[in-house]
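Here the structure is laid out as structure tokens; the discussion comes afterwards.
Side-chain atoms are counted along with the backbone in the values below, which use heavy atoms only and exclude waters and symmetry mates. Source: prediction; values computed, not measured.
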Amino acid sequence: MKEAMFWNLVDEARTGREVDLEVLRTALRGLSDSDLEGFDKQLWGKVKKLSSRAVRKALMTNPELFDGEGWSDDGFEYVCAGIVALGEEVYRSVLRDPSVLSAGTWEEREELQYLAEEVLEERYGEDEDYLQGPLRWQVSVSCKKYPVVRSKPLEGLPGRYLQLAPGRRPGHQ
């Protein structure tokens, strides 16, 4: 997916500083698997690009967001997703000058990160429904996930996947 298409999808679902997740979900449902994967990669790439020390430092100086107690990597990632949800202009202004984050309200948008995965689950079922595939599901969910190579269960241990150190046998410590 080209970057312009990504931003168009985000902008079409946005009203001011709010992104309507249902409008975006409906738009994502109309995409091919390949474009859905592209949307997800674009989103995660932008969130990752915002994960700089300068952005984190600027957010930490914002009394509306940071209470001095610290916050988790996930919480930081959700705020970065919220910045992406505000559109290309805001996203680029933050990259140019992260100090704009030191004031104002910046919302978390955790749910934005799961939209592509949810659309895939609607199409193909949850990943647990496909223990051996489709591989397309496993690699399309996001660029942070990797194909899962599942070994056959060891004899006597049905349904369990066990990794043993070289030379070790099941049941022997």
Side-chain angles (χ1 to χ4, degrees), residues 1-59 62 64-65 71-130 132-149:
M1 171 179 287
K2 295 193 184 288
E3 186 175 29
M5 184 176 178
F6 171 85
W7 287 121
N8 185 53
L9 288 165
V10 170
D11 289 342
E12 290 293 318
R14 217 179 67 247
T15 308
R17 289 182 66 92
E18 289 297 318
V19 65
D20 185 331
L21 294 174
E22 286 311 309
V23 169
L24 186 53
R25 184 186 322 273
T26 300
L28 293 179
R29 285 180 183 132
L31 297 178
S32 67
D33 286 357
S34 175
D35 281 340
L36 192 56
E37 178 183 2
F39 176 87
D40 200 50
K41 284 183 178 181
Q42 286 279 344
L43 174 63
W44 282 101
K46 287 169 185 9
V47 167
K48 185 175 180 176
K49 198 165 187 178
L50 285 169
S51 298
S52 70
R53 186 176 303 254
V55 169
R56 188 178 290 265
K57 186 176 178 181
L59 284 169
N62 185 326
E64 297 282 327
L65 289 175
W71 90 73
S72 69
D73 287 340
D74 287 347
F76 175 70
E77 196 173 84
Y78 303 154
V79 172
C80 290
I83 293 166
V84 174
L86 292 173
E88 183 176 14
E89 185 178 324
V90 172
Y91 170 77
R92 295 204 184 283
S93 73
V94 168
L95 289 177
R96 274 191 307 275
D97 182 15
S99 69
V100 301
L101 299 170
S102 61
T105 303
W106 300 91
E107 300 291 328
E108 292 183 2
R109 287 287 176 253
E110 174 185 6
E111 58 279 358
L112 179 63
Q113 296 178 301
Y114 304 112
L115 279 181
E117 182 175 346
E118 290 168 4
V119 171
L120 282 171
E121 285 177 353
E122 289 173 10
R123 287 183 190 172
Y124 302 109
E126 294 189 26
D127 61 340
E128 293 86 20
D129 296 340
Y130 295 98
Q132 299 301 321
L135 183 60
R136 153 178 76 191
W137 199 101
Q138 295 170 7
V139 296
S140 294
V141 174
S142 83
C143 61
K144 289 183 120 182
K145 294 187 178 180
Y146 301 96
V148 177
V149 178

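- Residues Leu115 and Leu43 are not in side-chain contact: their nearest non-hydrogen atoms beyond the backbone lie 4.5 Å or more apart.
- Taking all atoms of both residues into account, the shortest heavy-atom contact from Ser32 to Arg123 is C-NH1, 3.8 Å.
- Among all heavy-atom pairs drawn from Arg14 and Asp11, the shortest one is NH1-OD1, 2.5 Å.
- Summarising the geometry, atom CZ belonging to Phe39 is positioned 6.0 Å from atom CG belonging to Leu9; distances are rounded to the nearest 0.5 Å.
- Looking at every heavy atom in both residues, Leu50 comes nearest to Cys80 through CD1-O, 3.5 Å.
- With rounding to the nearest 0.5 angstrom, the CG atom of Leu95 is 7.5 Å from the CZ atom of Arg92.
- Expressed to the nearest 0.5 Å, how far CG of Leu28 lies from CD of Glu117 amounts to 13.0 Å.
- How far CZ of Phe6 is from NZ of Lys41: 14.0 Å, rounded to the nearest 0.5 Å.
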Chi angles and distances behind the side-chain contact (heavy atoms from CB on, under 4.5 Å) call for Val10, Gln42: CA-CA 11 Å; Val10 170; Gln42 286 279 344; over 6 Å; no
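- Put simply, CZ on Arg17 and CH2 on Trp106 are 5.0 Å apart, with the number rounded to the nearest 0.5 Å.
- Trp44 places a side-chain heavy atom less than 4.5 Å from the side chain of Glu77.
- Shown here is Arg53, whose CZ atom has no more than 12 heavy atoms of other residues, nucleotides or ligands within 6.0 Å.
- Rounding to the nearest 0.5 Å gives a distance of 10.5 Å between CD of Glu12 and CG of Leu24.
- Nearest heavy-atom pair, Met5 versus Asp35, reported as atom, atom and distance to 0.1 Å: CE-OD2, 4.0 Å.
- Classification of Arg109 and Glu18 as a salt-bridged pair holds, one side-chain N sitting under 4.0 Å from a carboxylate O.
- Salt bridge annotation for Lys46-Glu3: present, with a cationic side-chain nitrogen under 4.0 angstrom from a carboxylate oxygen.
- Test Glu110, Glu107, Glu108 against Val79 for side chain to side chain contact (heavy atoms under 4.5 Å, CB included) and you get one pass: Glu108.
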Walk me through whether Tyr78 and Val47 qualify under side-chain contact (heavy atoms from CB on, under 4.5 Å). CA-CA 9 Å; Tyr78 303 154; Val47 167; over 6 Å; no
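- Side-chain contact between Val55 and Leu101 is present, with at least one heavy-atom pair separated by less than 4.5 Å.
- In terms of modelled atom types and a separation under 3.5 Å, the side chain of Glu111 and the main chain of Leu21 share no donor-acceptor contact.
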Give the C-alpha distance, both sets of side-chain angles, the deciding distance and a yes or no for side-chain contact (heavy atoms from CB on, under 4.5 Å) between Asp33 and Tyr124. CA-CA 11 Å; Asp33 286 357; Tyr124 302 109; 2.4 Å; yes
